[in-house]
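Remarks on the structure that follows.
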Protein chains: 2
Amino acid sequence: MLPSKPTLAIVDDHPIIIEGLTKLLMKKEKFDLIGSFTNGEDFIPFLQTNPVKIVLLDIVLPGIDGMDLCKEIKNISPATIVLAFSNHQERSGIMKMLENGASGYVLKDASIDELLLCIDEALNGRITFSKAINDILTQAQLKENRLTRLTKRETEILKLIAHGATTPHIAELLFLSKFTVENHRKNILQKLKAKNVAELISIANQQGLL
Amino acid sequence: MLPSKPTLAIVDDHPIIIEGLTKLLMKKEKFDLIGSFTNGEDFIPFLQTNPVKIVLLDIVLPGIDGMDLCKEIKNISPATIVLAFSNHQERSGIMKMLENGASGYVLKDASIDELLLCIDEALNGRITFSKAINDILTQAQLKENRLTRLTKRETEILKLIAHGATTPHIAELLFLSKFTVENHRKNILQKLKAKNVAELISIANQQGLL
DNA sequence: TGAAATATAGCTGTTTACAGCTATATAAGA
DNA sequence: TCTTATATAGCTGTAAACAGCTATATTTCA
């Protein structure tokens with residue numbers, strides 16, 4: 001019996017990238033490249049009928065973006081390994097891909113060897129990142145939210161707000177006057193530069209305050 | 001010149017775990033164990049005066065928890081490597097540690113070799129997970145939020161709400177009656193089982209709808 | 001010790017959110 | 001095609017949020 005090579009697909013809106021990756025990966029003869037797509041809408045029906053072992057997935061795509069597509073892929077075919085392959089270096093985007101079930105993230109600047117190594121690691125079920133991504137994740141730049149520091153009481157109240165507690169309810173819970181709670185609310189809104197609770201919770205989430 | 005061994009600290013509220021780890025790690029003579037702590041409050045002042053290369057950090061701790069402590073550690077000493085060492089297997093907790101700058105996550109069930117391997121990888125600047133954690137992260141269980149599916153319009157309005165737009169403002173932006181926007185709001189609240197916007201944005205964030 | 005930050009409490013408006021209904025036109029799916 | 005889902009619009013209350021102020025006790029820290 002022939003050892004079957006893992007099936008690989010590429011989703012990237014730059015035809016040049018697809019071209020380059022195709023030549024590169026085929027030269028190694030380690031993978032069975034069964035499809036290239038420039039958008040997610042074309043890839044989804046393909047995935048529904050063809051078993052794909054691993055997908056190299058760009059983040060920026062026309063229509064449905066790579067992050068949502070990743071989630072979709074893992075829903076349709078949980079065994080399919082998704083390896084993000086993108087120029088984007090924002091921490092939040094990397095985390096989002098992981099949250100959506102990606103097995104790793106390779107920066108397009110990475111060397112060929114680095115990419116091949118990451119594909120290999122991912123195929124072996126391990127989560128893997130190219131060097132630059134690794135550094136971004138571990139060298140956490142956690143300075144700016146020190147500027148908007150909340151007090152203990154404010155943090156406490158913020159968490160209660162996030163859980164849906166109203167001002168009168170919080171006042172009861174903490175044995176405070178509703179005026180006190182209202183003042184804390186105002187201070188929290190001001191500190192985080194939010195116009196209302198909705199924006200407040202968004203910002204608090206982004207800053208990891210919850 | 002003697003090759004200095006990396007300094008290692010342990011923060012875990014179970015003395016037995018500390019005891020076990022200490023014996024185990026010392027036997028290998030690869031690390032210089034310079035401190036063990038049963039809570040974060042004791043560890044922080046220590047870190048401020050002693051250089052620590054790597055910390056094995058539990059999630060559940062009395063007082064400040066491991067996730068917040070991780071952020072604090074990376075703020076005080078960005079070069080210090082944090083390796084989470086916990087019994088907790090929830091996806092959200094693992095992600096939170098990564099968001100706060102951890103270099104990896106090892107389940108307490110992991111074998112000794114697995115732990116040593118992860119410590120080694122982390123010391124080499126790589127992000128690393130024990131086998132079980134790896135599987136949890138890649139085998140994304142993304143079913144349940146398919147039950148609470150929002151329509152295009154609802155998603156659009158939800159995002160605007162998250163950005164702090166009020167009902168009258170959204171109505172203007174989308175050329176709709178304020179009543180229409182209000183109805184969409186009600187439907188969104190109901191679908192996501194939220195009592196008010198605060199809880200709504202929290203839930204939406206948890207489900208990755210934003 | 002003295003200044004600054006924090007936590008507390010109060011008042012008065014206006015605006016927005018939310019609950020509870022009804023109702024219709026259109027689009028999508030079985 | 002016909003039912004269901006979606007998007008639209010309306011009304012009436014009440015509750016909550018928010019803006020803009022003042023004021024004081026307590027804590028924290030330099």
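Chain A is the first sequence line, chain B the second, and so forth, proteins listed ahead of strands; every chain is numbered from 1.
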Might you list the N or O atoms of the protein lying below 3.5 Å from N or O atoms in nucleotides 25-30 of chain C, with each pair's distance?
none

Check the distance between C:dA17's P and B:Asn187's CG and give it to me in whole angstrom. 16 Å
Under 3.5 Å donor-acceptor pairs involving side-chain atoms of residues 177-185 of chain B, not counting sequence neighbours:
| unit_1 | atom_1 | unit_2 | atom_2 | d |
| --- | --- | --- | --- | --- |
| B:Ser177 | OG | B:Phe179 | N | 2.9 |
| B:Asn183 | ND2 | B:Phe179 | O | 3.2 |
| B:Arg185 | NH1 | B:Thr167 | OG1 | 2.9 |

May I ask you to decide whether A:Lys96 forms a salt bridge with A:Asp65, counting only side-chain N to carboxylate O separations under 4.0 Å? no
Between A:Ile17, A:Ile10, A:Leu57, which is the residue that forms a side chain to side chain contact (heavy atoms under 4.5 Å, CB included) with A:Phe85? A:Ile17
Strictly below 4.0 Å, heavy-atom distances to any atom of DNA chain D: list the hits from residues 154-171 of chain A, or just say none. A:Thr166, A:Thr167, A:Pro168
Just the endpoints, please: which first and last nucleotides of DNA chain D, 5' to 3', lie under 4.0 Å from a heavy atom of chain A? D:dA16 to D:dC21
Test side chain to side chain contact (heavy atoms under 4.5 Å, CB included), reference A:Leu56, set A:Leu33, A:Ile119, A:Ile81, output is A:Ile119
Which atom names give the shortest non-hydrogen contact between B:Arg91 and B:Leu137, and what distance separates them? NH1-O, 2.8 Å
Taking only residues two or more places apart in sequence or in another chain, which ones pass salt bridge (charged side-chain N to carboxylate O under 4.0 Å, His left out) with A:Asp120? A:Lys30
side-chain contact (heavy atoms from CB on, under 4.5 Å) assessment of A:Ile133 paired with B:Ile127: CA-CA 10 Å; A:Ile133 299 297; B:Ile127 289 170; over 6 Å; no
Check B:Lys53 with B:Asp32, please: is the shortest side-chain N to carboxylate O separation under 4.0 Å? no
Just do the side-chain contact (heavy atoms from CB on, under 4.5 Å) check on A:Arg153 and A:Leu176 with the steps written out, would you? CA-CA 11 Å; A:Arg153 205 46 151 179; A:Leu176 294 173; 3.6 Å; yes
May I ask you to test the A:Lys74-A:Asn100 pair for a side-chain heavy-atom distance under 4.5 Å? no
Give the residues of residues 178-185 of chain B touching DNA chain C, defined as any heavy atom closer than 4.0 Å, sorted by residue number. B:Glu182, B:Asn183, B:Arg185
Could you give the NZ-to-P distance, from B:Lys195 to C:dT16, as a whole number of Å? 24 Å
Is A:Thr151 near enough to C:dA7 that one of its side-chain N or O atoms lies under 4.0 angstrom from OP1 or OP2? yes
A quick test of your reading: do over 12 heavy atoms of other residues, nucleotides or ligands sit less than 6.0 Å from NE2 of A:His163? no
Between A:Gln48 and A:Ile76, is there a donor-acceptor pair closer than 3.5 Å when you use the side chain of the first and the backbone of the second? no
A:Asn187 and A:Thr151, any side-chain heavy atoms less than 4.5 Å apart: no
